[in-house]
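The residues of the chain are indexed from 1 along the displayed sequence. Here the structure is a predicted model, which is why all the values come from computation and not from measurement. Keep in mind that the numbers below use all heavy atoms, side chains included, and drop hydrogens, waters and symmetry copies.
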Amino acid sequence: MPGVIGLVLAAGAGTRFGGPKALAREENGTSWIERAVRMLRDAGCETVLVTLGAGADEAASMVPDGATAVLVDDWRDGLGASLRAGLGAASALPGDALVVTPVDTPAAPAVAATRVVGAVTGPLSAALVRAGYRGQPGHPVLIGRDHWAALAATAEGDRGAGPYLRAHGAVEVECGDLWSGADVDRRPEPGNDQRPGPQGNRLDRYRPGDDDDLVEICVRTADAGADATGLLTDDRLWAEIFVLPYLVRHPEFAFVVRSETGRVTGYTVGRPDTVGFEAWFRDEWWPERADRWEAGPPRQDGLLRYAAGRGRAAEPYAAEYPAHLHIDLLPELQGQGWGRRLIDTLVDELRRAGVPGVHLVASADNSGAAAFYPRVGFTQLPSGADVRAFGRIL
């Protein structure tokens with residue numbers, strides 16, 4: 001692939017994995033770094049860069065001859081730092097585009113990268129193309145040079161290229177016929193083969209390391225069930241209001257759908273005592289965060305007013321239905337019965353805690369929610385013009 005540079009992102013700490021993924025090896029001893037570099041070379045990238053951060057001293061010895069290690073001094077800041085470092089190193093080299101792959105997709109075949117590059121129809125330097133897996137965006141990703149500076153400016157914290165690609169209309173190329181597209185997020189447990197595969201989802205309890213996945217799911221479903229990326233100046237605001245406080249206050253009432261690689265693609269979170277929870281949100285959670293956001297787009301201003309007003313008026317459904325829940329599934333998980341299973345699991349947990357009823361509120365624009373909740377035992381409650389409320393006696 002003339003003019004295309006390969007980039008392997010391998011700087012992270014691998015918290016959920018139990019250590020830096022840059023140090024991971026296959027059972028036969030082949031390092032994941034070597035696998036990723038070989039994949040990009042087989043796809044035609046003569047120049048390959050590898051970002052290193054956590055465990056860099058040891059990982060540097062795993063970078064194959066001919067590939068170049070790029071040290072990421074601020075790797076603790078998250079994925080964005082690794083991407084920025086890779087883009088910066090590539091900018092000093094001749095080339096019109098980058099093909100980017102994370103180190104934790106050791107099963108990715110070279111043909112996925114060649115298919116992504118082959119989808120470019122115009123100038124290579126202006127292209128944005130990513131692999132897709134049955135409706136779920138994934139890697140490899142091709143980024144033309146014209147986008148490097150702008151992308152680097154948006155890459156911060158754990159934000160990688162995803163929001164930029166969505167905002168700028170990246171072309172998605174289906175690669176689900178080639179492999180599953182799954183990253184390996186956790187080490188295989190003894191007797192449990194967790195190699196990437198197309199299926200393998202299971203219901204599980206929330207774990208502290210799942211937060212980033214839940215934040216992503218929240219944002220990608222926050223616009224009445226549709227993707228809300230880019231509607232606010234900071235996408236994370238959605239989760240700071242609708243997900244993260246639940247995980248902190250009541251992690252025992254949080255359940256997820258987890259893939260065989262550990263990735264979470266759906267969740268439900270609950271609170272057994274709405275009145276007590278709202279008081280805690282008003283007095284403890286929100287005062288520590290309110291100053292992080294200033295006035296912005298209308299949706300953002302509305303969310304900030306909503307958050308500031310929580311716990312300051314009577315809860316309309318709390319007497320008969322004291323518990324409250326949120327549930328969100330990525331599109332790839334919808335229509336497979338996972339929503340029902342998540343709700344049934346949470347309902348069972350609430351019953352065991354002696355809670356007599358649960359309610360939820362959805363946007364009036366969310367037609368899918370209006371059809372779904374009556375099918376899983378909820379009754380529509382009197383509500384305002386902009387929302388639909390549902391309750392279920394337990």
Side-chain angles (χ1 to χ4, degrees), residues 135 166 214-246 265-271 274-275 277-278 281-282 286 293 295-340 342-344 346-347 350 357-394:
R166 289 192 290 271
L214 271 66
V215 169
E216 179 188 359
I217 297 166
C218 178
V219 174
R220 290 181 57 193
T221 57
D223 187 17
D227 193 344
T229 300
L231 295 182
L232 313 178
T233 58
D234 180 2
D235 290 337
R236 190 179 175 89
L237 176 58
W238 297 103
E240 292 282 358
I241 296 174
F242 297 113
V243 175
L244 296 176
Y246 295 79
T265 52
Y267 66 81
T268 185
V269 293
R271 56 192 188 192
T274 295
V275 174
F277 180 91
E278 291 298 310
F281 185 99
R282 177 196 65 211
W286 193 243
W293 296 277
R299 291 289 290 274
Q300 181 162 313
D301 293 347
L303 284 172
L304 293 175
R305 287 194 298 272
Y306 166 74
R310 286 179 68 169
R312 303 184 188 281
E315 291 297 323
Y317 314 108
E320 190 171 6
Y321 308 96
H324 181 89
L325 69 83
H326 289 289
I327 179 170
D328 289 303
L329 307 174
L330 289 180
E332 68 192 75
L333 208 64
Q334 295 172 11
Q336 302 175 33
W338 287 108
R340 179 184 292 274
L342 281 168
I343 285 179
D344 286 348
L346 176 57
V347 163
L350 289 169
V358 60
H359 74 278
L360 58 90
V361 180
S363 168
D365 296 329
N366 193 337
S367 58
F372 170 71
Y373 293 120
R375 295 201 301 266
V376 292
F378 284 80
T379 300
Q380 187 164 339
L381 305 174
S383 48
D386 297 332
V387 298
R388 287 191 178 97
F390 299 86
R392 178 172 168 178
I393 297 297
L394 306 185

[X] and [Y]: which non-hydrogen atoms are nearest, and at how many Å?
| X | Y | answer |
| --- | --- | --- |
| A371 | P374 | O-CD, 3.8 Å |
| V219 | D235 | CG2-O, 3.4 Å |
| A307 | F281 | O-CE2, 3.5 Å |
| T274 | P322 | OG1-O, 2.7 Å |
| L232 | P297 | CA-CG, 4.4 Å |
| V269 | F242 | CG2-O, 4.2 Å |

Do side-chain atoms of [X] reach the backbone of [Y] as a donor and acceptor pair under 3.5 angstrom?
| X | Y | value |
| --- | --- | --- |
| Q300 | T233 | yes |
| H359 | A323 | yes |
| R375 | R340 | no |
| D386 | A364 | no |

Measure the spacing between [atom1] of [X] and [atom2] of [Y] and express it to the nearest 0.5 Å.
| X | Y | atom1 | atom2 | result |
| --- | --- | --- | --- | --- |
| L333 | L342 | CG | CG | 8.0 Å |
| I343 | L360 | CD1 | CG | 7.0 Å |
| L304 | L237 | CG | CG | 5.5 Å |
| L325 | Y267 | CG | OH | 11.0 Å |
| D227 | E216 | CG | CD | 9.0 Å |
| D328 | Q334 | CG | CD | 9.0 Å |

What do you reckon, are the aromatic ring centroids of [X] and [Y] less than 6.0 Å apart?
| X | Y | value |
| --- | --- | --- |
| Y373 | F390 | yes |
| W293 | W238 | no |
| H326 | Y246 | yes |
| F378 | F372 | no |

Do [X] and [Y] have side chains that approach each other closer than 4.5 Å (heavy atoms only, starting at C-beta)?
| X | Y | result |
| --- | --- | --- |
| R236 | L244 | yes |
| L329 | T221 | no |
| T265 | W338 | no |
| R299 | D223 | yes |
| V243 | V215 | no |
| R310 | I241 | yes |

